[in-house]
Amino acid sequence: MPEGPSIVLLKEEVDQFTGKQVIAVCGNSKIDQSRLLNKKVIAFNSWGKHFLICFKGFALRIHFLMFGSYRINEKKDSPIRLGLTFKKGEINFYACAIKYLEGDVSTHYDFSSDVMNDEWNPKNAKAKLKAIPETLICDALLEQDIFSGVGNIIKNEVLYRVRVHPESKVGKIPAPKIKKLLDETRIYSFQFLDWKRNYELKKHWLAHTKKTCLRCNNSLIKKYTGVKKRRSFICENCQQLY
DNA sequence: TATAATGTTTGAAC
DNA sequence: AGTTCAAACATTAT
């Protein structure tokens with residue numbers, strides 16, 4: 001479920017509840033559920049993969065991790081982690097991590113690192129990359145403080161598109177290539193959003209889960225790369241190792 | 001049916 | 001004190 005664009009879609013789906021009052025709360029979440037009762041949702045927000053429900057003076061942070069899910073105005077056949085009922089409709093969350101954030105969400109997040117946010121600032125990301133020259137780019141792209149919202153799919157697709165080997169050291173990648181990579185991260189994330197919206201995301205994968213390179217027809221190598229050991233799909237012919 | 005997968009936090013071990 | 005690592009959590013498609 002995760003990756004930033006999916007959270008943007010969730011925000012769109014729950015927009016119908018903006019300004020509405022929570023009239024019932026349920027679920028197996030250990031948070032203080034009574035705190036939410038009769039509270040009005042001020043706004044839905046997000047930072048990377050964090051989904052934020054803002055109330056007066058605090059917010060609820062929901063992280064879907066690997067397997068989390070949700071249903072709007074319906075239930076699925078598994079235990080509800082947290083369910084919010086409104087006068088007209090409901091939101092149900094499953095298998096996610098939930099916690100309260102006190103005060104305004106802006107005090108908790110730097111939105112300029114969120115690749116889906118209007119405030120996204122590639123210059124900040126560039127500076128953060130400069131500070132970690134020894135880090136492999138496959139790890140750097142998954143760093144949420146640098147590229148909030150980027151997950152393993154976006155990582156693989158971006159690296160394939162800009163022809164950079166996942167195991168390249170950040171400090172060795174030429175500046176123009178870094179620029180391209182920053183640009184493509186933003187571009188692909190929004191393509192991801194469009195494609196996901198139309199249920200055709202997988203159709204557009206060029207590298208992720210693929211077996212052959214569509215550019216040179218070589219076999220793609222599947223390898224668990226970097227400190228994070230997430231799988232990468234690599235064309236050793238087309239992707240430059242720096 | 002076993003396995004792997006769009007992820008992160010925690011706490012022990014080094 | 002830093003890092004490294006396994007474990008934990010949890011669901012679903014292949």
Side-chain angles (χ1 to χ4, degrees), chain A residues 1-13 27-31 46-52 60-72 74-83 92-101 108-110 113-116 131-161 166 184-211 220-234:
Chain A
M1 142 92 233
E3 304 225 14
S6 301
I7 306 299
V8 172
L9 286 175
L10 168 54
K11 273 196 292 186
E12 293 176 7
E13 288 185 71
N28 59 20
S29 172
K30 282 183 251 171
I31 62 157
S46 66
W47 178 83
K49 301 165 189 171
H50 296 203
F51 176 58
L52 306 167
L60 205 53
R61 189 199 78 179
I62 298 179
H63 201 301
F64 293 94
L65 300 161
M66 195 78 102
F67 310 122
S69 62
Y70 63 88
R71 291 292 185 275
I72 311 293
E74 61 181 30
K75 289 181 174 68
K76 63 181 231 177
D77 187 26
S78 54
I80 296 175
R81 176 61 44 78
L82 187 72
N92 297 307
F93 298 104
Y94 304 86
C96 51
I98 304 177
K99 71 178 266 187
Y100 283 114
L101 299 180
H108 291 89
Y109 297 107
D110 172 8
S113 64
D114 182 349
V115 298
M116 300 304 293
I132 52 166
E134 294 300 308
T135 302
L136 302 188
I137 191 63
C138 58
D139 285 328
L141 270 166
L142 294 172
E143 239 2 283
Q144 296 302 296
D145 287 334
I146 307 177
F147 299 100
S148 328
V150 169
N152 207 37
I153 296 172
I154 296 176
K155 177 200 85 178
N156 279 320
E157 289 298 304
V158 167
L159 289 173
Y160 182 78
R161 280 155 209 251
E184 188 60 33
T185 301
R186 171 91 170 170
I187 291 165
Y188 177 71
S189 294
F190 277 88
Q191 287 186 327
F192 184 125
L193 174 64
D194 276 344
W195 289 329
K196 179 93 180 175
R197 197 200 306 281
N198 296 316
Y199 309 102
E200 57 180 14
L201 178 66
K202 294 181 188 181
K203 197 169 90 183
H204 299 278
W205 285 346
L206 304 183
H208 195 255
T209 73
K210 298 296 178 182
K211 291 213 172 2
L220 294 185
I221 310 291
K222 174 181 154 185
K223 184 179 178 188
Y224 293 82
T225 58
V227 168
K228 296 184 189 294
K229 296 190 165 48
R230 301 297 302 278
R231 63 179 179 162
S232 291
F233 297 86
I234 311 161

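What you are looking at is a predicted structure, and each value in this text was computed from that prediction instead of being measured. Lettering of chains follows the sequences in order, A, B, ..., and the numbering in each one begins at 1.
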### Task
Apply side chain to side chain contact (heavy atoms under 4.5 Å, CB included) to the pair F93(A) and F64(A), showing each step before the final yes or no.
CA-CA 9 Å; F93(A) 298 104; F64(A) 293 94; 3.8 Å; yes

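- Heavy-atom distances to DNA chain C give each of C96(A) and V227(A) a nearest nucleotide, and the one nearer the 5′ end belongs to V227(A).
- Here the C1' atom of nucleotide dC9(C) and the NZ atom of K30(A) are 11 Å apart, to the nearest Å.
- Here the P atom of nucleotide dT4(C) and the NZ atom of K229(A) are 10 Å apart, to the nearest Å.
- Taking 4.0 angstrom as the limit, K49(A) places none of its side-chain polar atoms (N or O) nearer than this to OP1 or OP2 of dT6(B).
- An OP1 or OP2 oxygen of dA5(B) is reached within less than 4.0 angstrom by no side-chain nitrogen or oxygen of R230(A).
- Closest of all the heavy-atom pairs between F51(A) and K11(A) is CE1-CG, 3.9 Å.
- Among the protein residues, K99(A) comes within range of no part of the nucleic acid, since none of its heavy atoms lies under 4.0 Å from any strand.
- Between the CZ atom of R81(A) and the CG atom of N28(A) there is a distance of 4.5 Å, given to the nearest 0.5 Å.
- Note on K202(A): nothing from the nucleic acid sits closer than 4.0 angstrom, heavy atoms only.
- Not one side-chain nitrogen or oxygen of K228(A) sits closer than 4.0 Å to the OP1 or OP2 atom of dT4(C).
- Here dA8(C) presents its P atom at 15 Å from CZ of F67(A), a figure rounded to the nearest Å.
- If you take atom P in dA7(C) and the same atom in dT3(B), they sit 15 Å apart, rounded to whole Å.
- Distance, F233(A) CZ to dA4(B) P: 13 Å, rounded to whole Å.
- To the nearest angstrom, C1' of dA5(B) lies 12 Å from NZ of K155(A).
- In terms of heavy-atom proximity, E157(A) sits nearest to H208(A) at OE2-N, 2.8 Å.
- Regarding contacts with the backbone of dG7(B), every side-chain N or O of H63(A) stays at 4.0 angstrom or more from both OP1 and OP2.
- dT8(B) atom P lies 10 Å from atom CZ of R61(A), rounded to whole Å.
- Distances were taken from every side-chain heavy atom of Y224(A) (C-beta onward) to each of dT6(B), dA4(B), dT8(B); the shortest belongs to dA4(B).
- Here CD1 of I153(A) is found 7.0 Å from NZ of K196(A). Values are rounded to the nearest 0.5 Å.
- OP1 or OP2 of dA5(B) has at least one side-chain nitrogen or oxygen of R231(A) nearer than 4.0 Å.
- Across all their heavy atoms, P166(A) and I234(A) have their closest contact at CG-CG1, 3.6 Å.
- Distance from the side chain of A95(A) is smallest to dT11(C) among dT11(C), dG7(B), dT6(B).
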### Summary
Annotated structure of DNA chain B as dot-bracket, pair cut-off 3.5 Å, Watson-Crick or G-U only, | for inter-strand, is .||||.||||||||

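- Counting only heavy atoms from C-beta on, K222(A) has its side chain closest to dA5(B) among dG7(B), dT12(C), dA5(B).
- dA6(C) and dA4(B): their P atoms are spaced 15 Å apart (whole Å).
- Contact annotation: Y188(A) side-chain N/O to dT6(B) OP1/OP2 distance is not under 4.0 Å.
- Look at CG on L65(A): it is 13 Å from C1' on dT10(B), rounded to the nearest Å.
- F190(A) is listed as a side-chain neighbour of M116(A), based on a closest heavy-atom distance under 4.5 Å.
- Across the protein-nucleic acid pair, N156(A) atom CG and dT6(B) atom P stand 8 Å apart, rounded to whole Å.
- Of the charged side-chain nitrogens involved, at least one lies within less than 4.0 Å of a carboxylate oxygen, so that E143(A) and K228(A) count as a salt-bridged pair.
- Going from the P atom of dT6(B) to that of dT4(C) covers 23 Å, rounded to whole Å.
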